[in-house]
Amino acid sequence: MLQEIGTIQTSFDTDLKSISSVQDLEGIKSKYLGKTGLIPQLYKQLGRLSPEEKKEIGSKLNDLRHKAQTGLSEALIAFEEKIFLEKSRKNMVDMTLPLPKAAYGGRHPITQTMEYLIELLAQMGFDVGEGPELEHEDFNFTYLNIPEHHPARDDHDTFYIQKPWLLRTHTSPVQIHYMKKYTELPIQMIAPGRVYRADDDATHSPMFHQIEGLWVDKGIHFGHLKAMIKAFLQEIFEMDQVRFRPSFFPFTEPSAEVDIGCVFCNGRGCRVCKQTGWLEVMGSGLVHPKVLQYGGVEDPAVSGLAFGLGVERLTMLLFRIPDMRMLFDNDPRVLTKAARHRHFPHIREDA
Ligand SMILES: [Zn+2]
């Protein structure tokens with residue numbers, strides 16, 4: 001029997017070394033300590049022994065059972081520890097790794113451009129006027145000298161909500177709202193805001209931003225217009241190349257498109273300026289007398305100048321963004337781009 005105890009002890013040790021799962025441990029437990037296990041069976045044989053043998057072998061058997069019990073519970077603990085370590089090694093965080101760069105939020109390039117232009121024009125004496133984006137067609141067209149059946153109405157690709165209500169196609173209606181509301185001269189206002197047209201390609205977006213300007217006073221003439229716009233553009237682009245091209249708008253007479261020397265090639269000619277060396281940046285003119293009348297200005301000695309610019313266009317020039325749609329894609333590379341301009345807040349380009 002002593003030999004049997006030794007054999008069981010050896011085979012138990014071997015079995016315990018070969019475990020690879022908790023199930024293996026359960027198997028060993030029932031093999032050696034279960035009701036019909038090897039050790040309980042040995043206890044059953046004790047009855048046949050003499051009292052002396054019983055004492056000696058009984059104590060050896062107790063030792064074996066104790067060793068088996070502690071061996072199993074230690075193995076279980078060791079096994080769980082091993083699993084735990086393996087798991088944590090898999091999920092381990094290397095505290096010495098450099099952190100990923102944090103993404104910094106910032107104001108949209110259009111917003112930055114808009115705020116900059118508003119501030120600049122405010123310094124030139126302009127007050128900020130506002131008007132509704134849902135506009136009556138009389139304000140959007142008729143009062144701006146675009147009567148019904150005028151081809152300019154079709155040019156605008158208007159979003160009608162329900163005739164006569166539409167989404168304003170330009171910020172010019174604010175001129176009328178402002179003149180009707182503030183009658184005291186001089187009237188000097190800008191109207192920044194969103195406008196809408198059914199148009200969508202590389203240079204057009206169905207929603208875009210304009211800034212409208214209006215200056216009404218006694219004796220305003222084209223010289224004022226030229227001087228004011230030249231000063232404005234020189235301040236933004238730091239260059240002398242500004243030219244006025246005769247043009248047509250229903251609400252101004254005479255009218256002029258304003259070009260600046262191409263900021264991409266300094267006037268030498270490139271893809272952006274279509275090799276002309278010039279970039280069109282705004283429209284302008286002297287306010288048409290009919291528009292003044294619609295705004296309630298009756299005195300024939302009073303005249304006005306007006307201008308309008310597309311904020312997206314200027315944003316693209318200041319931020320060197322080649323496609324207008326990029327301004328609305330929410331791509332962080334565009335949103336964190338810094339303007340090449342001394343007046344713009346510095347935004348970390350590497351953020
Ligand atoms: Zn160019």
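As the structure lists them, so they are numbered: ligands from 1, and atoms in each ligand from 1.
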| Among pairs that include at least one residue of residues 31-65, which meet ring pair (Phe, Tyr, Trp, His ring centres under 6.0 Å), considering only residues two or more places apart or in two chains? |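 Of all non-adjacent pairs touching residues 31-65, those that pass ring pair (Phe, Tyr, Trp, His ring centres under 6.0 Å) are Phe12-Tyr32.
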| Parallel, tilted or perpendicular: which fits the ring planes of Phe249 and Phe251, with parallel below 30° and perpendicular above 60°? |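 Plane angle under 30°, so parallel.
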| message | Can you confirm whether more than 12 heavy atoms, excluding those of His149, are under 6.0 Å from its NE2 atom? | response |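 Counting other residues, nucleotides and ligands, NE2 of His149 stays at 12 neighbours or fewer.
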| query | For the Zn ion (ligand 1), which protein N/O/S atoms are closer than 2.8 Å? | reply |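 Those protein N, O or S atoms (cut-off: under 2.8 Å from the Zn ion (ligand 1)) are Cys262 SG, Cys265 SG, Cys270 SG, Cys273 SG.
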| Under 3.5 Å, is there a donor-acceptor pair linking the side chains of Gln175 and His170? |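 No, no side-chain donor-acceptor contact under 3.5 Å.
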| Are side-chain N/O atoms of Thr142 and Arg153 paired as donor and acceptor at under 3.5 Å? |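 Thr142 vs Arg153: donor-acceptor pair found between side chains.
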| query | Taking the six-membered ring for Trp, are Phe307 and Trp215 ring centroids under 6.0 Å apart? | reply |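 Centroid distance Phe307-Trp215: not below 6.0 Å, so no.
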